[in-house]
Amino acid sequence: MASNDIIIDDDFCRSMGKYFSSQGEKIDNIVFEYVSILQDLRNRAIVSGDTAKALSSYIEYASKLKKQFGGISSVAKMQVEMFLKAVDESDQYLY
C-alpha cells in the first residue's frame with residue numbers, strides 16, 4: 001500500500017536556499033566584470049562614432065543589472081526559511 005507520509009528534508013531545503021543565494025552573488029560578480037570589460041572596450045578601442053554611442057547606451061543599461069541578482073536570489077533563501085517555519089508550526093498540530 002502506498003504511504004501518505006510527506007517527508008521534508010530541512011537540511012536539503014536550507015542547502016538549496018544557500019545555493020541560490022551564492023549563485024546570485026556569482027552572477028552579480030560576472031555582471032560587474034562584464035560591464036568593466038565593456039567600459040574598457042569603449043575607453044580604449046571604440047572611442048567615437050555611432051558604435052561608441054550605441055555601446056555607451058548598452059553599458060548604461062547593462063550597469064542597471066549590477067547587484068540585482070544577489071537580492072533576487074536571497075529571496076529564495078528567505079522563502080525556504082519561511083516554508084520550513086510554516087511546516088514546523090503545522091507539525092505541532094499534527095504530531
Side-chain angles (χ1 to χ4, degrees):
M1 181 170 175
S3 174
N4 292 334
D5 294 339
I6 296 175
I7 299 171
I8 297 172
D9 186 349
D10 290 14
D11 293 333
F12 176 76
C13 290
R14 284 192 180 93
S15 69
M16 291 307 298
K18 289 177 186 176
Y19 170 78
F20 285 119
S21 182
S22 69
Q23 291 301 307
E25 291 173 11
K26 288 178 184 179
I27 293 172
D28 276 341
N29 291 334
I30 290 169
V31 169
F32 183 80
E33 185 177 342
Y34 177 65
V35 170
S36 295
I37 290 168
L38 290 174
Q39 289 171 334
D40 194 42
L41 178 66
R42 183 193 57 208
N43 293 337
R44 293 181 183 205
I46 307 173
V47 294
S48 64
D50 291 339
T51 304
K53 290 177 187 175
L55 182 56
S56 293
S57 179
Y58 182 77
I59 291 169
E60 180 182 336
Y61 285 105
S63 294
K64 292 181 181 186
L65 293 175
K66 288 181 178 178
K67 296 185 180 181
Q68 296 299 312
F69 294 96
I72 292 169
S73 64
S74 68
V75 171
K77 185 176 180 182
M78 182 179 66
Q79 289 297 321
V80 165
E81 291 302 324
M82 289 173 41
F83 170 74
L84 293 174
K85 182 179 177 185
V87 168
D88 287 343
E89 288 173 0
S90 296
D91 275 352
Q92 291 176 2
Y93 299 110
L94 296 174
Y95 299 103

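Worth knowing before you read on, the calculation uses all heavy atoms, side chains too, and leaves out hydrogens, waters and symmetry mates. Along the sequence shown, residues are numbered consecutively beginning with 1. These numbers were taken from a predicted model, which means no experiment stands behind them.
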With a cutoff of under 4.5 Å between side-chain heavy atoms, which Ile, Leu, Val, Met, Phe, Trp and Tyr residues group with V47?
none
Within the supplied structure, the quantity of interest is the number of heavy atoms (other residues, nucleotides, ligands) at a distance under 6.0 Å from N43 CG; does it exceed 12?
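Yes.
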Please report the interatomic distance CD1(I46) to CG(L41), rounded to the nearest 0.5 Å.
4.0 Å
Say you draw a straight line from CZ of F83 to CG of D88; how long is it, rounded to the nearest 0.5 Å?
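CG of D88 is found 9.5 Å from CZ of F83.
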Please tell me if the side chains of E81 and K85 come closer than 4.5 Å, counting only heavy atoms from C-beta onward.
no
Side chain to side chain contact (heavy atoms under 4.5 Å, CB included) partners for D11, two or more places apart:
D9
Could you work out, with side chain to side chain contact (heavy atoms under 4.5 Å, CB included) as the rule, every residue matching L84, not counting sequence neighbours?
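Per chain and number, L84 pairs via side chain to side chain contact (heavy atoms under 4.5 Å, CB included) with I8, D10, C13, R14, V80.
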Can you run down the side chain to side chain donor-acceptor pair (under 3.5 Å) pairs that involve residues 27-40, sequence neighbours left out, and say none if there aren't any?
Y34-Y58, D40-R44
Side chain to side chain donor-acceptor pair (under 3.5 Å): which pairs involve residues 60-80, sequence neighbours left out?
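For residues 60-80, and leaving out neighbouring residues, there are no side chain to side chain donor-acceptor pair (under 3.5 Å) pairs at all.
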Main-chain N/O of F12 paired to S15 side chain as donor or acceptor, under 3.5 Å:
yes
Please set out all donor-acceptor pairs under 3.5 angstrom arising from side-chain atoms of residues 18-27, sequence neighbours excluded.
unit_1: S22; atom_1: OG; unit_2: K18; atom_2: O; d: 3.4
unit_1: S22; atom_1: OG; unit_2: Y19; atom_2: O; d: 2.9

